[in-house]
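Read through the structure below, which is laid out as structure tokens, and then see the notes.
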Amino acid sequence: MEIDDSLRQNTTVAYISMEIGMDSNIPTYSGGLGVLSGDTVRSAADLEIPMVAVCLCYSSGYFYQLFDETGEQKEKEVEWNFFYEFDKVEKPICIKIENKNVKVSAWLYKVIGQSGHILPIYLLTTDIDGNEDWMKKMTGSLYDSTSKWNRIVQEIILGIGGVRLLNSLGYNNIKTYHLNEGHGSFATIELFNMFGGDIEKVKSSVAFTTHTPVPAGHDRFDQSLVKKVFESRIPKEILKLGEDNGQFNMTRLGMNLSKYRNGVSKKHAEITKKMFPQYEIDYITNGIHLPFWVSKPISQIFDKKWPNWTANPIVLQNAIELDDLDLFDAHIENKFGLISYQKGHSWNLLDEELITIGFARRFSTYKRAVLIFHDIDRLGKICKGNVQFIFAGKAHPKDQAGKDFIKKIYESGEYLYNNYGVKVVLMENYNMDLSQMLVSGCDIWLNTPERYREASGTSGMKAALNGVLNLSIQDGWWLEGYKMNSMAGWSIGPNDSNPEDPALSNNWEIDAKAFYDILENEVIPTYLNHDEWLFRCKNAISLAAYFNTHRMVEEYADKAYNLKRQKPWKYGN
Ligand SMILES: *Cc1c(COP(=O)(O)O)cnc(C)c1O
């Protein structure tokens, strides 16, 4: 299938993202942001949104994760070869960095929607003939943390290179450049030049989505670095619009130069408004691409009941009508599948009979992966003979505190096993494939972040879709999900009543105790009562009617892209 001129002419939305998780084995993502972008383009293709996407092609990926026998994370560069999978775009563009001309080319990856619509993704690369060796490394690895210089260069390639490449390829009808996080904000410089310095015109063609309420998650560069890489080529107006206490802030630039700004859950938008009070900030709650994340056994029972559910996920609101026995069988198939996979990858073998609690996410400290070990003997006593745990996740190579959490999980696991026979296993190299198995094969999906630091979270949505119950602090999407249906899982600790109180938002004592109480008094007794458990599983599934990227992309189409859609979707809330 070709990308023809009419497709280029009809394309009005450009989605610019540092990560896009197209496939588990294509290393263009590190975590939630990339998985969300992947789900976004999958839904956009299904819904025939006239979108083109831009990302970078990382020649050594993110990293492959291993653990040594003490639980120490080891990182390996990913060796991969995209030459056989993509079409290379013929004519490179040129970007000036310092006083050098850097050639940028792109690989083309096509996302094919349900009815055959093509959504092109261009993966920019400097690893091409004609560039000097040091230039070829510019698109080497995702979030290369060796220097801020590398980082800013990658963002110049993404933002400026992205817009320039689309122009050179004949995408001349883009009405909205959707900057998915501040990494792409330099796109505004190219637009500023394209529109002859007309700031209003730039603004009217940009939509900006922010993805983290954690201040350190917003890219900032020293002004001197910005001036060094751009020399005098950065317009004064742009420099001013990114100004933030003597630094250059990519989020601020994106917010200042956009017509529409949003956070990715209701609470996240509230927190973002506090960080950036001078802007209007809407919210569009994240979702997941349901056909991508549904397990085979679960999709079979959906297909049987609602043959058209992937095109019209609203029918999942009626999940309560699913047959108990079908659902039970599907879940057991998933659980056995996960456990047999686990047995092939570990010396510590899990048990099919026990309640299996999963926790998988990046090991940033705010996610508090080790909260449940706070009173480890109480945990051991409750779990003995009842419960086992499975963990997975990567710590950023530079995040020692995150790596220490991984070691703590190892050590706590040994203690629990030696003293209570309770198993805690940690799986290597969390990626989308492993995620698919975990979110469908566990019984319980655990999340224990410090409150109001989880922008949205999406793994819990994947669990719910597969009938796995969330046991989670109310933050991000789960604040909304639990409110919508409190039978879809459990909420840990104090709820939303006083978001300002740090003593409540990050109190390990209170949250750990709440976790133990729920586990002991609710989760374990409910598990022993099949009917009640299955009733909850069905309630969990019903959340997927809302928490999906079809609904989400339609919201972007309406609010951020101003597309007139034929069939606006209606949800019951
Ligand atoms: C879904 C997913 C995430 C994001 O989930 P969170 O709930 O935000 O942690 C991260 N990494 C992978 C591999 C995923 O599949």
Side-chain angles (χ1 to χ4, degrees), residues 1-17 20 22-23 26 28 37-57 82 85-94 104-125 158-180 184 187 190-191 193-195 201-202 204-207 259-260 289 291-292 310-312 549-550 552-569:
M1 268 174 287
E2 287 303 309
I3 308 288
D4 57 20
D5 283 345
S6 80
L7 187 133
R8 293 171 209 251
Q9 286 310 308
N10 290 333
T11 299
T12 58
V13 180
Y15 184 74
I16 299 183
S17 185
I20 301 183
M22 293 141 341
D23 181 289
I26 301 179
T28 47
S37 307
D39 285 355
T40 302
V41 294
R42 281 183 275 277
S43 276
D46 287 345
L47 297 168
E48 304 188 22
I49 301 283
M51 179 188 274
V52 58
V54 178
C55 181
L56 301 192
C57 182
F82 41 88
E85 296 182 35
F86 304 104
D87 307 325
K88 187 139 78 156
V89 174
E90 283 310 325
K91 16 168 204 191
I93 52 163
C94 207
V104 180
S105 188
W107 300 91
L108 168 63
Y109 179 94
K110 298 170 192 160
V111 184
I112 314 289
Q114 234 172 5
S115 51
H117 179 80
I118 303 174
L119 191 157
I121 302 180
Y122 294 96
L123 300 157
L124 304 170
T125 178
L158 178 71
I160 296 185
V163 175
R164 203 168 285 177
L165 180 94
L166 293 179
N167 280 333
S168 86
L169 293 175
Y171 291 88
N172 300 319
N173 206 10
I174 305 289
K175 299 283 187 286
T176 306
Y177 294 84
H178 183 179
L179 308 181
N180 191 42
E190 189 70 3
L191 296 174
N193 292 330
M194 252 165 77
F195 298 144
K201 241 180 146 169
V202 177
S204 69
S205 59
V206 174
K259 61 178 170 180
Y260 177 82
H289 185 257
F292 187 83
T310 53
N312 183 23
T549 36
H550 277 35
M552 183 195 85
V553 165
E554 288 291 2
E555 281 195 58
Y556 279 103
D558 179 32
K559 299 188 199 176
Y561 312 153
N562 306 105
L563 298 179
K564 298 276 170 289
R565 300 279 296 161
Q566 303 254 306
K567 284 183 254 164
W569 289 30

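Predicted, not measured: the structure shown is a model, and the values here were computed from it. This chain uses plain numbering: 1 for the first residue, then up along the sequence.
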Find out whether [X] and [Y] are in side-chain contact, i.e. whether some heavy atom of one side chain is under 4.5 Å from a heavy atom of the other.
X: Leu123; Y: Met22; result: yes
X: Leu165; Y: Val54; result: no
X: Ser205; Y: Phe195; result: yes
X: Val52; Y: Ile174; result: yes
X: Arg565; Y: Ile49; result: yes
X: Arg8; Y: Asp5; result: yes

Working to the nearest 0.5 angstrom, can you tell me the gap between [X] [atom1] and [Y] [atom2]?
X: Cys55; Y: Leu158; atom1: SG; atom2: CG; value: 7.0 Å
X: Thr40; Y: Met51; atom1: OG1; atom2: CE; value: 7.0 Å
X: Leu119; Y: Ser43; atom1: CG; atom2: OG; value: 11.0 Å
X: Leu108; Y: Ile121; atom1: CG; atom2: CD1; value: 9.0 Å

Open item on the list: Between Thr549 (side chain only) and His289 (backbone N and O only), is there a donor and an acceptor less than 3.5 Å apart?
Closed with: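 Such a contact is found between Thr549 side chain and His289 backbone.
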Shortest non-hydrogen separation from [X] to [Y] and the atoms involved:
X: Gly161; Y: Ile93; answer: O-CD1, 3.5 Å
X: Leu563; Y: Thr12; answer: CD2-OG1, 3.7 Å
X: Asn562; Y: Lys259; answer: OD1-NZ, 3.4 Å
X: Ala187; Y: Ile16; answer: CB-CD1, 4.2 Å
X: Gln114; Y: Thr310; answer: NE2-OG1, 2.7 Å
X: Cys94; Y: Arg164; answer: O-NH1, 2.8 Å

Task: For Ser17, side-chain hydrogen bond (donor to acceptor under 3.5 Å, both in side chains) partners two or more places apart - done: Ser37, Asn180
Task: With Lys175 via side-chain hydrogen bond (donor to acceptor under 3.5 Å, both in side chains) - residues at least two apart - done: Asn173
TODO: Scan Ile20, Ile118, Val41, Asp46 and name whichever one has a side chain to side chain contact (heavy atoms under 4.5 Å, CB included) with Val111.
DONE: Val41
Open item on the list: Looking only at the side chains, is there a donor atom on one of Tyr556 and Tyr15 sitting less than 3.5 Å from an acceptor on the other?
Closed with: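 No, no side-chain donor-acceptor pair sits under 3.5 Å.
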TODO: Could you check whether the rings of Tyr122 and Tyr171 sit parallel, tilted or perpendicular, using 30° and 60° as the cut-offs?
DONE: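 Correct class here is perpendicular.
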Open item on the list: Does anything in residues 115-124 form a salt bridge (charged side-chain N to carboxylate O under 4.0 Å, His left out)? List the pairs, not counting sequence neighbours.
Closed with: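 Not a single pair qualifies under salt bridge (charged side-chain N to carboxylate O under 4.0 Å, His left out).
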